[in-house]
2 protein chains.
Amino acid sequence: MSIKGIFPIDKWDFKSRSVLAGLPDSDLEMLMANQTEKVYKLTEVIFWEGGYPSGIFYIKEGKVKKYKLDKDGREHIIYVANAGELLGYHAILSEDRYPDSAAALEETRIAFIPKEDFVKTLQHSDVLNGRLLKNLSHEFAVLANSLSMFAKSSVRERLALQLIILREKYKVNFQPGMPVEINMGRDDLASLVGTARENVVRLLSDLKEEKIVETKGRTIIVLDVQKLIKIADYK
Amino acid sequence: MSIKGIFPIDKWDFKSRSVLAGLPDSDLEMLMANQTEKVYKLTEVIFWEGGYPSGIFYIKEGKVKKYKLDKDGREHIIYVANAGELLGYHAILSEDRYPDSAAALEETRIAFIPKEDFVKTLQHSDVLNGRLLKNLSHEFAVLANSLSMFAKSSVRERLALQLIILREKYKVNFQPGMPVEINMGRDDLASLVGTARENVVRLLSDLKEEKIVETKGRTIIVLDVQKLIKIADYK
DNA sequence: AAATAAAATTGATAAATATCACTTTTTGGA
DNA sequence: TCCAAAAAGTGATATTTATCAATTTTATTT
């Protein structure tokens with residue numbers, strides 16, 4: 001099975017991932033009528049697990065981590081969302097509370113859209129309905145991949161996969177030719193991979209010796225994606 | 001955090017989980033117009049990961065495992081679907097191939113609904129749209145729970161959680177007062193928990209000593225759900 | 001630019017889980 | 001009902017991962 005089987009990066013590229021891209025102007029106007037914008041600082045929380053949703057969030061610029069806290073208060077990052085993505089709509093659709101928390105991974109500009117406007121637009125727009133169905137199914141498939149990765153793969157394999165994915169996500173900030181700098185703290189990376197910081201650090205230093213990655217302070221630069229793909233893919 | 005936080009069993013009971021329950025008759029008629037029924041034998045495959053979807057499947061009776069195969073050909077069970085649930089629609093919504101395989105866990109009666117009828121009904125029915133959005137969001141939340149369970153919990157904790165969930169799923173077959181028999185092979189249970197058969201067997205025999213479960217041949221009977229909840233919930 | 005705090009890194013060790021080799025029990029046909 | 005064949009169970013051991021206790025490096029503030 002190729003990496004494309006494990007994570008269908010090619011099927012749904014990061015720019016077109018926006019649920020809102022290509023939505024008719026009239027729908028967008030209805031949706032965005034009462035949006036308010038806010039800039040979240042690094043680590044600032046956007047919403048809390050268990051809270052009642054009062055609207056949805058559209059990331060205009062920046063990155064957001066979605067995470068859950070375990071009983072010891074340690075966080076597990078489920079997903080890193082990029083600019084263009086919509087947050088917090090699951091809870092409204094499932095008529096439930098937020099299943100996870102969200103916090104800014106860097107300075108992030110976000111539009112808040114009141115629940116009423118979202119629901120109204122949803123009732124009005126077949127296109128938005130279709131987009132959400134497609135997006136949700138895709139998100140589900142990605143999550144299912146993560147799950148079987150957790151069930152079947154070693155920490156090294158999971159780290160390799162996350163580095164591939166993060167590299168794609170951090171790419172958008174940089175010029176072609178420039179190396180992609182993954183600017184993420186070791187704690188967050190460990191939480192994403194599902195292990196302790198010390199293990200991530202050790203495995204990263206292995207990858208450094210193998211000339212697969214390079215670190216500059218806290219940023220990580222991937223030198224050889226192909227080798228990462230091999231690590232993530234094969235035993 | 002209570003078990004309700006970990007797995008919102010109470011919010012969406014197993015009978016009402018059907019996407020189709022309460023759908024207007026006209027929608028149901030359109031959807032079911034060309035259904036064909038088939039009985040799948042134990043272990044018989046319903047669809048394969050990577051295949052192109054030609055329709056969706058409605059479980060009338062029985063149970064189905066959804067799983068992925070790893071590179072060594074070992075399967076990892078992602079989800080156990082019960083009677084009343086709809087299968088294989090993610091792939092149609094995301095306009096992609098099946099992200100996982102499905103096979104019968106017991107003798108299972110399933111209605112096949114051609115893709116065209118599903119798509120047509122979807123375009124026609126706001127109710128079905130809403131149901132699918134709600135169901136997908138809910139499935140997503142459940143999967144996210146599994147994911148953080150994998151990331152943060154021990155095999156014993158995961159086993160306890162799966163036994164709680166399986167007990168609910170196998171309940172529907174039995175009369176009140178009768179003990180719920182979880183009739184599942186150790187290999188499948190191990191695959192669901194994300195470990196090897198030997199480990200599940202060992203942990204089950206621990207649970208037997210603790211008088212929390214009882215086994216009769218291959219079936220497992222839960223004697224003390226409260227203790228399972230404690231195990232799944234706290235470190 | 002020095003001082004301080006925070007984050008990253010390393011090493012040693014403990015704990016959990018996986019794997020292998022094997023025995024016993026269960027199950028489903030002859 | 002007996003007889004394979006399959007599944008379940010057990011024990012010993014290897015491997016992986018987590019945890020603890022430090023030190024070093026990087027980032028931030030004055």
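Naming convention: chains lettered A, B, ... in sequence-line order (proteins, then strands); numbering from 1 in each chain.
Only one option out of A/Leu159, A/Leu207, A/Leu203 pairs with A/Ile231 in a side-chain contact (heavy atoms from CB on, under 4.5 Å); it is A/Leu207.
For B/Glu44, the salt bridge (charged side-chain N to carboxylate O under 4.0 Å, His left out) test picks out B/Lys38, with sequence neighbours left out. With sequence neighbours excluded, no residue satisfies salt bridge (charged side-chain N to carboxylate O under 4.0 Å, His left out) with B/Glu198. B/Tyr40 meets the ring pair (Phe, Tyr, Trp, His ring centres under 6.0 Å) test with no other residue; sequence neighbours excluded. Taking B/Asn199 as the reference, B/Thr195, B/Ala196, B/Arg202 meet the side-chain contact (heavy atoms from CB on, under 4.5 Å) condition, with sequence neighbours excluded. The ring pair (Phe, Tyr, Trp, His ring centres under 6.0 Å) check on B/Tyr67 picks up nothing, with sequence neighbours excluded. With sequence neighbours excluded, no residue forms a salt bridge (charged side-chain N to carboxylate O under 4.0 Å, His left out) with A/Arg186. For B/Phe57, the ring pair (Phe, Tyr, Trp, His ring centres under 6.0 Å) partners are B/Phe47, B/Phe112, not counting sequence neighbours. For B/Asp206, there are no salt bridge (charged side-chain N to carboxylate O under 4.0 Å, His left out) partners, not counting sequence neighbours. Shown here are the side-chain contact (heavy atoms from CB on, under 4.5 Å) partners of B/Lys227, two or more places apart in sequence or in another chain: B/Ile212, B/Asp224.
Over its full length, the helix from C/dA1-D/dT30 to C/dA30-D/dT1 turns its helical axis through 50°, comparing axes from the five pairs at each end and rounding to 10°.
A/Arg218 has no side-chain polar atom (N or O) that falls below the 4.0 Å cut-off from OP1 or OP2 of D/dT26. Here A/Thr195 reaches the OP1 or OP2 of D/dA18: one of its side-chain N or O atoms lies under 4.0 Å away.
Near DNA chain D, meaning a heavy atom under 4.0 Å away, the residues from residues 196-212 of chain B are B/Arg197, B/Glu198, B/Val201, B/Arg202, B/Ser205.
Counting only N and O atoms by type, the side chains of B/Glu85 and B/Tyr79 include a donor and acceptor under 3.5 Å apart.
At whole-Å resolution of the value, CG in A/Asp187 and P in D/dT26 are 17 Å apart. Rounded to whole Å, the distance from CE on A/Met184 to C1' on C/dA8 is 16 Å. To the nearest angstrom, C1' of C/dA18 lies 18 Å from CZ of A/Phe150.
Residue whose closest nucleotide on DNA chain D sits further toward the 5' end, between A/Thr219 and A/Arg158: A/Arg158.
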Output one line per pair: protein atom, nucleotide atom from nucleotides 23-25 of chain D, and distance, for all N/O pairs under 3.5 Å.
none

